[in-house]
Undergrad: 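Take a look at this one; I'll ask things after.
Both counts, for ligands and for their atoms, begin at 1 and track the order of listing.
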Amino acid sequence: MLVLMNVNATDEQVERVCKAITGLGYKPHPLPGAQRTAIGITGNSGPVNAGGVEDMPGVAEVIRVSKPYKLVSREMKQENTIVHFDNGVTIGGEDLAIIAGPCSIETRDQAFAIAESVAATGVQFFRGGAYKPRTSPYAFQGLGEEALQLMAELRERFGLLIVTEAVDEKSLDLVEQYADMIQLGARNMQNYSLLKAAGRASKPVLLKRGISATLEEFLMAAEYVMSEGNYNVVLCERGVRTFTDHTRNTLDLSVVPAVQHLSHLPIIVDPSHGTGKRDKVLPLARAAVAVGADGLIVEVHHCPEQALSDGAQSIYPDQLAVMVEDARKIAPVVGRRVPLNDGTRTAVRG
Ligand code: PEP
Ligand code: MN
């Protein structure tokens, strides 16, 4: 159920409707849009009894949402969600967001060397794993909080926004403290308690698609995060498992327009995990921009042969520079742009 307010409804009217929804035992989710505010209703186990809400001042109409997901749907919010960061950078607006960095933070020197080359390309976000979900329990599991501290330093030094994965509720608390964006990985896309905990966090969430998740399962995972009140969710297509073996996963680029049809949330593409092969990353990154993705997340390593995780799919820093240039050329075709590195970027904090 969704309450659509009149275009000129006042803040007080929105507040009164929210109070009435709370009084009925449900949870109101007011999402202001450019045209009008919509108030989603959750917390119901059966059909919502809107008990007189439709007659309240400022209410235009009360509509039933036809899909199982509510808050993520276009019915709830027609215009695209734009996620804003402290330094004015956005995801989901005109600017294409590019996130680049190593799969894992390995050493201080490695992290600084890669961050320097990432910043030099004008990319605004740095990724680096501190907690690694590995197939083998004997493989490198990440440096944990030490890596988070290093990335906090990188933010100060290079003005990069930090994106890193939380694998459980304990690491989520630390990631929320240190990073600018909380990544939830493919393996955890259906870890509902973690999704809900991220929904209570104060930082935007980057939600990666599960290894075999349908579009509806993907959107329902985002609904879990939003249902707890965190509306800053960015989806990420990172490839799904198919029968093919020429790539690690099959990058499902058709999910981008499919998501954009059904949801107002931004969606970015990960051609690194999506292909697993360095030589496929740039072609698929170009395709992702052309298909209308809101951004890219790619793994970069200055010495991928020695990387402790995902070296085979990590591109070299000079390839990242080419990728950014290619994205800059393609973006205008789909009404986007890649901001230039004008050398004026300053540290995000401090
Ligand atoms: C990663 O980004 O390094 C990662 C583990 O991604 P995914 O969850 O998509 O496998
Ligand atoms: Mn990786």
Undergrad: Kindly work out whether a path of hydrophobic side-chain contacts (I/L/V/M/F/W/Y, heavy atoms less than 4.5 Å apart) joins I105 to L172.
TA: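 Shared cluster, yes.
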Undergrad: Check whether more than 12 heavy atoms from other residues, nucleotides or ligands sit under 6.0 Å from atom NZ of K196, and answer yes or no.
TA: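 12 or below, so no.
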Undergrad: For the Mn ion (ligand 2), which protein N/O/S atoms are closer than 2.8 Å?
TA: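 Sorted hits: C103 SG, H273 NE2, E299 OE2, D310 OD2.
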Undergrad: Using the rule that Ile, Leu, Val, Met, Phe, Trp and Tyr join whenever any side-chain heavy atoms are under 4.5 Å apart, tell me whether L253 and L215 fall into a single cluster.
TA: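 Same hydrophobic cluster.
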Undergrad: Applying the side-chain contact (heavy atoms from CB on, under 4.5 Å) test to I268, which of I99, L96, L296 qualifies?
TA: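 Output: one option passes, namely I99.
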Undergrad: Could you check whether E153 pairs with R108 (Lys NZ or Arg NE/NH1/NH2 to Asp/Glu carboxylate O, under 4.0 Å)?
TA: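 R108 and E153: salt-bridged.
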Undergrad: Using a 4.0 Å cut-off on heavy atoms, what residues surround ligand 1? Order them by chain and number.
TA: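 Within the 4.0 Å shell of ligand 1, which is judged on heavy atoms, sit C103, R127, K132, E165, Q183, G185, A186, R187, K208, R238, H273, E299.
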Undergrad: Supply the atom-to-atom distance K170 NZ to Y131 OH, rounded to the nearest 0.5 angstrom.
TA: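 K170 atom NZ to Y131 atom OH measures 7.0 Å (nearest 0.5 Å).
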Undergrad: Evaluate the side-chain proximity of M181 to I91: yes if any heavy-atom separation is below 4.5 Å, no if none is.
TA: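 Yes, side chains in contact.
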Undergrad: Could you tell me the separation between the CD atom of E146 and the CE atom of M151, rounded to the nearest 0.5 Å?
TA: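 CE of M151 is found 11.0 Å from CD of E146.
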Undergrad: Got L282 and I315 here, is their nearest side-chain heavy-atom distance under 4.5 Å?
TA: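 SC-SC contact between L282 and I315 confirmed.
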